[in-house]
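Scope of the values below: all heavy atoms of this structure, side chains included, with no hydrogens, waters or symmetry mates.
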Amino acid sequence: MSETQGRGHVFAGKKRGTGADDFEGDDVFVAKKSVLPSMPTENDPAAALASARHEFGEHGGVNMSIEASATFTVMEPETMRRMFSGELGPDRDFFIYSRHFNPTVLNLGRLMAALEGTEAAYCTASGMSAISSVLLQLCSSGGHVVASRTLYGGTHALLTHFLPRACNITTTFVDIGDLEAVKSAIVEGKTKVLYFESMSNPTLTVANIPELSRIGHEKGATVVVDNTFAPMVLSPARLGADVVLHSISKFISGGADVIAGAVCGPASLVNSMMDLHQGALMLLGPTMNAKVAFELSERIPHLGLRMKEHCRRAMEYAIRMKKLGLKVIYPGLEDHPQHELLKSMANKEYGFGGLLCVDMETEERANRLMHHLQNYTQFGFMAVSLGYYETLMSCSGSSTSSEMNAEEKELAGISPGLVRMSIGYIGTLEQKWSQLDKALSRMQDSTLFNKN
């Protein structure tokens, strides 16, 4: 590992010494060695989180302290030189500048690594900054990506427009469910990344993570999975993926009040992304604020409880809406094309995801449904994003997937009337179902329902 890579150890392990011994002997070179702990052995993400190191406050508080400093002082001038050379780093509690490393943000990274079962994690200012940084680290000019054709609109725009123009990185989009097509699209020696979402936005297509990982690895590609839609439900790294990305703003935050992201993966990758000369995270600087990191660290311990309730209600609403004749898309329903696949991959007891879709076929009918649900019965809010305690609804084709043209939406299976619902858990289930049922009755439109 190079000296600059030594700067990239993303887990604080030892506390800074206070005496001369800190600068004597072989300990000086600890920052150059691999001091990252091994990957969690627990398969259940809740168990892994419970086993992660608990960070106490500076004065013994049960909650960690917030390190709000942008810059950090040293006792001796020589120490700064040694920090910049990579001899001393955050693994021994030496910090330079919070764009590089911050203790509070590193603690959140430890929790994210435990959640996803990876060696390391680095938390960023947004989900898109995490996605962009990983792709720019793994691909150089002339590089090639194979990606699912059903992706979040911002990711699709990044791959379709920005990276080819700015970086000469091209992408081939494929039906991620067609394993032979995926295999054919990967050009050995040229394709650097196989990219897909564990559960696609917005169509809720479930990816065969073990098989896709096997195909990617056989062809020499790094397998990168966006797991924003399914934290706790799916653990892509435990199923074979190399890198797991998150928009923490969604389910993990749960409050619709912060923007944040995370890169979870091998220590070698995360360290390289923090390289002083060539690290995408280091040089592009998508730095998470320490106060945001503290907030998120306090929410992750109850993520499992929240996800179970999101998923429980989504399942119940999906079953009831289907009985009413609505065209419902939800992986928990037995008629979903990947229902059995998801059952085989999912972590037990977390359900099938907290989102469902209702296909109203036309945008006009979709808008009328959302209008009644929000303004007449107060079932939820018309808003993008997901993972909030209130139900959030949007017509994907004209909102979060609007970056895609009509042909791309059709190929991705995004109907003009597709309503994506992130199911909340506020109120009682029966109270909220009554609101949903009342809105459907008020519409008095037989074309709402699937008569087949």
Inset, instruction - Kindly say whether Leu436 contributes a backbone atom to a donor-acceptor pair with the side chain of Thr377 at under 3.5 angstrom? - result: no
Inset, instruction - Using the six-membered ring wherever Trp is involved, compare the ring planes of His156 and Phe173 and label them parallel, tilted or perpendicular (cut-offs 30° and 60°). - result: parallel
Legend entry - Nearest non-hydrogen partners of Cys395 and Asn367, listed with the distance: CB-OD1, 4.3 Å
Inset, instruction - Determine whether the side chains of Thr172 and His144 contain a donor N or O and an acceptor N or O closer than 3.5 Å. - result: yes
Inset, instruction - Please determine, by modelled atom types, if Ser69 and Glu67 share a side-chain donor-acceptor pair under 3.5 angstrom. - result: yes
Inset, instruction - Answer yes or no: is there a donor N or O on one side and an acceptor on the other, between the side chain of Thr124 and the main chain of Ser126, under 3.5 Å? - result: yes
Legend entry - Donor + acceptor pair across side chains of Ser129, Ser132 (<3.5 Å): no
Inset, instruction - Kindly give the heavy-atom pair with the smallest separation between Thr228 and Lys250, and that separation in Å. - result: CG2-CG, 3.5 Å
Legend entry - Between Asp335 and Tyr330: side-chain donor-acceptor atoms closer than 3.5 Å: no
Legend entry - Glu197 vs Thr150, side chain to side chain contact (heavy atoms under 4.5 Å, CB included): CA-CA, chis, key distance, verdict: CA-CA 8 Å; Glu197 294 167 347; Thr150 307; 5.6 Å; no
Legend entry - Sole candidate of Leu373, Asn375, Leu392 that passes side chain to side chain contact (heavy atoms under 4.5 Å, CB included) when paired with Met382: Asn375
Inset, instruction - Over all heavy atoms of both residues, which pair between Thr118 and Ala120 is shortest? Give the atoms and the distance, please. - result: OG1-O, 3.0 Å
Inset, instruction - Kindly indicate, with the supporting measurements, whether the criterion side-chain hydrogen bond (donor to acceptor under 3.5 Å, both in side chains) is fulfilled by His372 and Arg368. - result: CA-CA 6 Å; His372 286 299; Arg368 277 206 295 138; 5.1 Å; no
Legend entry - Asp242 side-chain N/O to Gly265 backbone N/O, donor-acceptor pair under 3.5 Å: no
Inset, instruction - Could you label the plane-to-plane angle of the Phe56 and His54 rings as parallel, tilted or perpendicular, counting under 30° as parallel and over 60° as perpendicular? - result: tilted
Inset, instruction - Provide the closest heavy-atom pair for Gly332 versus Met315 in the form atom of the first, atom of the second, distance. - result: O-CE, 3.1 Å
Inset, instruction - Return yes when atom NZ of Lys322 has more than 12 non-hydrogen atoms of other residues, nucleotides or ligands closer than 6.0 Å, and no otherwise. - result: no
Inset, instruction - Would you give the length of the straight line joining atom CD1 of Ile423 to atom SG of Cys311, rounded to the nearest 0.5 angstrom? - result: 11.0 Å
Inset, instruction - For Glu55 and Arg53, run salt bridge (Lys or Arg N to Asp or Glu O under 4.0 Å): C-alpha distance rounded to whole Å, both residues' side-chain angles, the deciding distance at 0.1 Å, then the answer. - result: CA-CA 6 Å; Glu55 193 76 24; Arg53 191 177 93 189; 2.8 Å; yes
Legend entry - Gap separating the CZ atom of Arg99 from the CE atom of Met274, nearest 0.5 angstrom: 8.0 Å
Inset, instruction - Check step by step if salt bridge (Lys or Arg N to Asp or Glu O under 4.0 Å) holds for Asp178 and Arg149. - result: CA-CA 11 Å; Asp178 186 341; Arg149 65 189 183 195; over 6 Å; no
Legend entry - Short side-chain donor-acceptor distance under 3.5 Å, Gln435 and Lys432: yes
Legend entry - Shortest non-hydrogen contact from Val243 toward Pro266: CG2-CD, 4.4 Å
Inset, instruction - Take Val224 and Phe196, measure what side chain to side chain contact (heavy atoms under 4.5 Å, CB included) needs, and give me the verdict at the end. - result: CA-CA 7 Å; Val224 180; Phe196 55 92; over 6 Å; no
Inset, instruction - Please confirm whether Phe352 and His339 have ring centers closer than 6.0 angstrom. - result: yes
Inset, instruction - Look only at the side chain of Thr428 and the backbone of Gln431, and say whether a donor-acceptor pair between them is shorter than 3.5 Å. - result: yes
Legend entry - Arg420-Asn201 side chain donor-acceptor pair, cut-off 3.5 Å: yes
Inset, instruction - Check whether any side-chain N or O of Lys327 sits under 3.5 Å from a backbone N or O of Val358 as a donor-acceptor pair, and report yes or no. - result: no
Inset, instruction - For the pair Ser184 (side chain) and Ala181 (backbone), establish whether a donor and an acceptor sit closer than 3.5 Å, ignoring hydrogens and angles. - result: no
Legend entry - Side-chain donor-acceptor contact under 3.5 Å, Ser441 with Lys438: no
Inset, instruction - Kindly state whether the ring of Phe251 and the ring of His310 have centres lying under 6.0 angstrom apart. - result: yes
Inset, instruction - Spell out, as yes or no, whether a donor-acceptor pair under 3.5 Å connects the side chain of Glu363 to the backbone of Pro416. - result: no
Legend entry - Under 3.5 Å side-chain donor-acceptor pair for Ser198 and Asp226: no
Inset, instruction - Indicate whether the side chain of Thr205 and that of Thr203 have a donor and an acceptor atom separated by less than 3.5 Å. - result: yes
Inset, instruction - Take atom CG of Leu179 as the centre, draw a 6.0 Å sphere, and report whether it contains more than 12 heavy atoms from other residues, nucleotides or ligands. - result: yes
Inset, instruction - Kindly say whether Ile248 contributes a backbone atom to a donor-acceptor pair with the side chain of His246 at under 3.5 angstrom? - result: no
Inset, instruction - For the pair Arg313 and Glu316, find out whether any cationic side-chain nitrogen is under 4.0 Å from an anionic carboxylate oxygen. - result: no
Inset, instruction - Locate the shortest heavy-atom distance separating Gly240 from His217; write the atom from each residue and the value. - result: O-CE1, 3.0 Å
Inset, instruction - Check side chain to side chain contact (heavy atoms under 4.5 Å, CB included) between Glu340 and all other residues, then give those that pass, not counting sequence neighbours. - result: Lys343
Legend entry - Residue of the set Leu194, Val223, Asn208 for which side chain to side chain contact (heavy atoms under 4.5 Å, CB included) holds with Ser213: Val223
Legend entry - Check against salt bridge (Lys or Arg N to Asp or Glu O under 4.0 Å), Glu295 and Lys291: CA-CA 6 Å; Glu295 287 277 347; Lys291 296 171 186 176; over 6 Å; no
Inset, instruction - First locate atom CD1 of Ile209, then atom CG of Leu212, and finally report the distance between them rounded to the nearest 0.5 Å. - result: 8.0 Å
Inset, instruction - Dump the intermediate steps for side chain to side chain contact (heavy atoms under 4.5 Å, CB included) on Met421 and Phe379, then the final yes or no. - result: CA-CA 11 Å; Met421 293 185 183; Phe379 173 73; 4.3 Å; yes
Inset, instruction - Measure from the side-chain N and O atoms of His302 to the backbone N and O of Arg299, and report whether any donor-acceptor pair falls under 3.5 Å. - result: yes
Inset, instruction - Go through Val174 and Ser148 one step at a time and tell me if the side chain to side chain contact (heavy atoms under 4.5 Å, CB included) criterion holds. - result: CA-CA 5 Å; Val174 296; Ser148 169; 5.9 Å; no
Legend entry - Distance (rounded to the nearest 0.5 Å) between Asn168 CG and Cys139 SG: 11.0 Å
Legend entry - Pair Arg214 + Glu211: basic N to acidic O under 4.0 Å: yes
Inset, instruction - Quick one: pull up CD1 in Ile329 and CG in Leu326 and give me the separation to the nearest 0.5 Å. - result: 11.5 Å
Inset, instruction - Rounded to the nearest 0.5 Å, what's the gap from CD on Gln278 to OG on Ser140? Could you check? - result: 8.5 Å
Inset, instruction - Take Arg320 and Glu430, measure what salt bridge (Lys or Arg N to Asp or Glu O under 4.0 Å) needs, and give me the verdict at the end. - result: CA-CA 11 Å; Arg320 295 186 188 189; Glu430 294 302 333; 2.7 Å; yes
Inset, instruction - Let me know which of Leu355, Leu342, Leu356, Val233 forms a side chain to side chain contact (heavy atoms under 4.5 Å, CB included) with Pro331. - result: Leu342
